[in-house]
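First the structure, in the form of structure tokens, and then the observations on it.
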Amino acid sequence: MAKWVVGSAWPYVNTVPHLGNLVGSVLSADVFARYLRLKGEDVLLVSGSDEHGTPIEVEAKKRGVEPKELTDKVHAYVKKLFEEYLISFDNYTRTHNPVHIKFVQDIFMKIYRNGYIFTESMIMPYCPKDKMFLPDRFTVGRCPYCGAPDARGDQCERCGKLLDPPDLVNPRCAFCGSRPIWKKTKHWFFDLPRAAEGLVEWLERSSLPDNVKKFTLNWIKEGLTPRAVTRDNKWGIPAPFPGAEGKTIYVWFEAVLGYLSAVKELDEKNGTNLFEQFWKDTKSRPVYFIGKDNIPFHSIILPALLRATGEEYPLPYNISATEYLMYEGQKFSKRRRIGVWIDEALELVPNPDYWRFALIRMRPEERDTNFTWREFYRIVNSELNDDIGNFAHRVLTFIERRFGGSVKGKVDEEVKEKIRELHEKFVEAMDKIRLKEASGYVLEMARLGNKYLNEKEPWRLLKEGKEREARDVLYTTLFILREVALHLAPFAPLAAEKLWRMIGEEGSVHERGRLGESGREPPERIGKPEPLFHKLPKDFLEKVDQLLEEARRKVEKRRPI
RNA sequence: AGCGGGGUAGGGCAGCCUGGUAGCCCGCGGGGCUCAUAACCCCGAGGUCGGUGGUUCAAAUCCACCCCCCGCUACCA
């Protein structure tokens, strides 16, 4: 039995996550973690709010509150939302917690002592009025190429040219508009090229997915360079290096360490010894769920950081980097209000199973995919409700009405064999983290059941007095239903549990190791049949824009940001 | 601009690595069944696989160039 640390990218709390964020990281990680538990593996699912960095500091400043005050609220809000989506975190924590802060400082001091940190001086724009160094994008001015008046220091949005702050004509501070001065500052750099030595060999031999492997190898081929790990921000983790007072650790270099500190935090809370078991054993298996923009931080930088401590940590066992979910053909955009945010989604359609299943069915595993309402409607109404829900209902009501709720017979061998094949395909896909593909096999099970029922026509058998044959047929479809519940569990936990009870099973379908019971015969006595799902109304597609507007208005009142 | 990923029936996607009658779901047309939440099952129509050129007996699949979309490109997370 392996030890798995399943980590999902840490949501940055300057905003509420949208559906694309959800499917790319947290939801996918949860589905995978649930699958592993179902297989009987030892799993820790961890993530948390990424709350340091300039954008938060700026937002807090704008509101006249302390950054902590702001992130307290957003963290609580987002954490509750993930609970509503039934994300089964073992620890959903935050980067501004004492355990993480100390852990990060310890790690960086080890790296420092091992000689992977050096300093370099640089000249940066500094706003005398706000008393802070200005990150590139917070210095604005006239673009030297196209003359746009509000070009940012990193790039001109009008002509797309990449800039450096000194290029700007009449530069000014993005917050107060005053003219920045150029001031010398010192930063601490991480010697990534040295720390990453040997990682190429690991990568080439690793079984990481093609997109991650290729991207990373290419990234390395283009040449690794030392990266600045300190910032002149106030809001963040104080850099522990001698002489670095007033500096903080760049968020990217500390948030990824949260996968480790989150486990440490569990130990401190519960007096357990999980960190040793899950993080200090090189045979344990860290798996990360991230978006495609995030690959090198997980495939290179985190491993290099850990390696530079001189201690032994497991390398990434797998990294599932999804492409992007688009919204009706466009990019999700907070500013332009394009898309659906996770609080609005539940306000609009309150059942988390519907969103979970639909999002996994649209999961951008190989390429960008498109969230469309039409597709959402199709998945909920036709896949969940008709194929699965109605199959369950027709089987169970038939057993209730014609057999008084109890049936026992012989399970069709051919069906058993087909289910076994689907189960194997399911496991294979899941192991490769092809969650969308795996969800398809659950549907195939239900379709197999529907087809079997249509072909065998037990209602006709009863009329012809062939009661024993009818019993065999119904017991066989009950067998299929049991498999549907089992395999649906990671995707739609509520419905799977309900179905599990309705077929008369004991305990919870989510019990550890339950997937190993695939192929067993179902109980004889069923529970009370009830519809598993309900369709979205026929006029849903015509009304959805209006409904979304209403949901958005409601949700915005309680949103902290 | 450079690098990476992608462009396959009306919609959503798989196939491409390991060339050889183009596949799945929805929608549409026809039929069947009546146990079921007007659900289910079967049959059918619909694609010159972004464009051009090349390699090959044979290309969605390999190569080159072009067009469009997405991401990354060191202080934005």
Side-chain angles (χ1 to χ4, degrees), chain A residues 9-15 50 52-56 122 124 133-138 152-155 160-162 165 187 189 192 210-211 214-219 221-222 224-233 250-252 255 291-297 321 323-324 326 329-331 361-372 374-379 381-383 385-387 389-402 436-437 440 443-444 446-447 449-460 462 470 473-474 477 529-535 538:
Chain A
W10 291 47
Y12 196 62
V13 286
N14 67 341
T15 178
D50 179 5
H52 296 138
T54 311
I56 297 285
M122 45 190 31
M124 298 278 284
F133 283 95
L134 298 173
D136 282 2
R137 54 181 295 191
F138 291 103
R152 297 190 323 206
D154 56 348
Q155 183 171 24
K161 274 259 199 265
L162 293 176
H187 280 299
F189 283 73
L192 180 62
D210 274 355
N211 62 338
K214 275 197 231 155
F215 185 93
T216 310
L217 286 171
N218 197 278
W219 206 71
K221 208 173 69 195
E222 282 171 18
L224 298 177
T225 51
R227 324 263 299 188
V229 294
T230 52
R231 289 292 184 277
D232 284 306
N233 291 354
Y250 180 34
V251 282
W252 263 123
K292 64 176 162 182
D293 52 342
N294 222 328
I295 294 174
F297 280 91
E323 302 294 310
Y324 275 2
M326 310 281 279
Q330 293 183 283
K331 276 171 74 171
R361 297 291 297 149
M362 300 176 195
R363 186 168 188 259
E365 296 193 339
E366 298 291 317
R367 63 197 62 181
D368 291 352
T369 58
N370 211 351
F371 176 93
T372 62
R374 188 177 161 175
E375 186 66 358
F376 178 73
Y377 181 85
R378 180 187 75 73
I379 291 167
N381 282 16
S382 153
E383 294 192 339
N385 187 78
D386 294 347
D387 290 347
N390 184 57
F391 170 57
H393 203 245
R394 64 194 294 216
V395 168
L396 295 173
T397 51
F398 196 99
I399 294 173
E400 183 178 54
R401 284 171 201 167
R402 301 301 193 85
K436 172 159 65 175
E437 186 188 334
L443 286 165
E444 281 193 42
R447 289 184 189 126
N450 276 318
K451 184 174 175 161
Y452 183 76
L453 216 43
N454 278 24
E455 283 168 359
K456 296 293 180 184
E457 301 180 285
W459 46 89
R460 187 177 52 79
L462 284 183
V473 171
L474 266 300
T477 52
E530 264 174 40
L532 262 190
F533 305 103
H534 294 281
K535 284 195 173 198
K538 274 204 285 290

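Proteins get letters first, then strands, A, B, ... in listed order; numbering begins at 1 in each.
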Using a 4.0 Å heavy-atom cut-off, does [X] contact any base of the nucleic acid, only the sugar-phosphate backbone, or nothing at all?
| X | answer |
| --- | --- |
| A:Met362 | nothing |
| A:Asn370 | sugar-phosphate |
| A:Pro226 | base |
| A:Leu532 | base |
| A:Glu383 | sugar-phosphate |
| A:Asp232 | nothing |
| A:Arg401 | sugar-phosphate |
| A:Asp50 | sugar-phosphate |
| A:Phe391 | nothing |
| A:Thr225 | base |
| A:Arg361 | nothing |

Would you indicate which nucleotide in [options] comes nearest to any side-chain atom of [X]?
| X | options | answer |
| --- | --- | --- |
| A:Asn390 | B:C26, B:A39, B:C41 | B:A39 |
| A:Pro531 | B:G12, B:A14, B:U37 | B:U37 |
| A:Asn450 | B:C41, B:G71, B:C13 | B:C41 |
| A:Asp387 | B:C40, B:A14, B:C33 | B:C40 |
| A:Arg447 | B:C75, B:C40, B:C41 | B:C41 |
| A:Trp459 | B:C13, B:C70, B:C33 | B:C33 |
| A:Lys535 | B:C75, B:G71, B:A39 | B:A39 |
| A:Met122 | B:A74, B:G11, B:C75 | B:C75 |

OP1 or OP2 of B:A77 less than 4.0 angstrom from a side-chain nitrogen or oxygen of A:Tyr250, does that happen here? yes

Are OP1 or OP2 of B:A77 and a side-chain N or O of A:Thr54 less than 4.0 angstrom apart? yes

Do [X] side-chain atoms and [Y] backbone N/O form a donor-acceptor pair below 3.5 Å?
| X | Y | value |
| --- | --- | --- |
| A:Thr477 | A:Leu474 | yes |
| A:Tyr324 | A:Asn370 | no |
| A:Thr369 | A:Met362 | yes |

For B:A38 versus B:G27, give the span between their P atoms, rounded off to a whole number of Å. 15 Å

Check whether any side-chain heavy atom of A:Arg231 sits under 4.5 Å from a side-chain heavy atom of A:Thr54, and report yes or no. no

Would you kindly check whether a donor in the side chain of A:Asn454 faces an acceptor in the base of B:C33, or vice versa, at under 3.5 angstrom? no

Would you kindly check whether a donor in the side chain of A:Arg231 faces an acceptor in the base of B:C75, or vice versa, at under 3.5 angstrom? yes

Base partner of [N], which must satisfy Watson-Crick or wobble distances under 3.5 Å:
| N | answer |
| --- | --- |
| B:A14 | none |
| B:U34 | none |
| B:G47 | none |
| B:A74 | none |

5' priority, RNA chain B, between A:Arg374 and A:Asp386 [closest heavy atom]: A:Arg374

First of A:Lys451 and A:Thr372 reached from the 5' end of RNA chain B, by closest nucleotide: A:Thr372

With A:Arg402 as the cation and A:Phe398 as the aromatic partner, state whether NZ or CZ is under 6.0 Å from the six-membered ring centre and within 45° of the axis. yes

How close or far is atom [atom2] of [N] from atom [atom1] of [X], stated in whole angstroms?
| X | N | atom1 | atom2 | value |
| --- | --- | --- | --- | --- |
| A:Arg394 | B:A38 | CZ | P | 12 Å |
| A:Glu455 | B:C40 | CD | C1' | 11 Å |
| A:His393 | B:C40 | NE2 | P | 15 Å |

Hey, is A:Phe398 doing a stacking thing with B:C35, by the 5.5 Å centroid and 30° angle criteria? no

Looking at A:Lys456, I'd like to know if its NZ atom is crowded, meaning that more than 12 non-hydrogen atoms belonging to other residues, nucleotides or ligands lie closer than 6.0 Å. no

Are any of the side-chain nitrogens in A:Arg447 or A:Glu444 under 4.0 Å away from the carboxylate oxygens of its partner? no

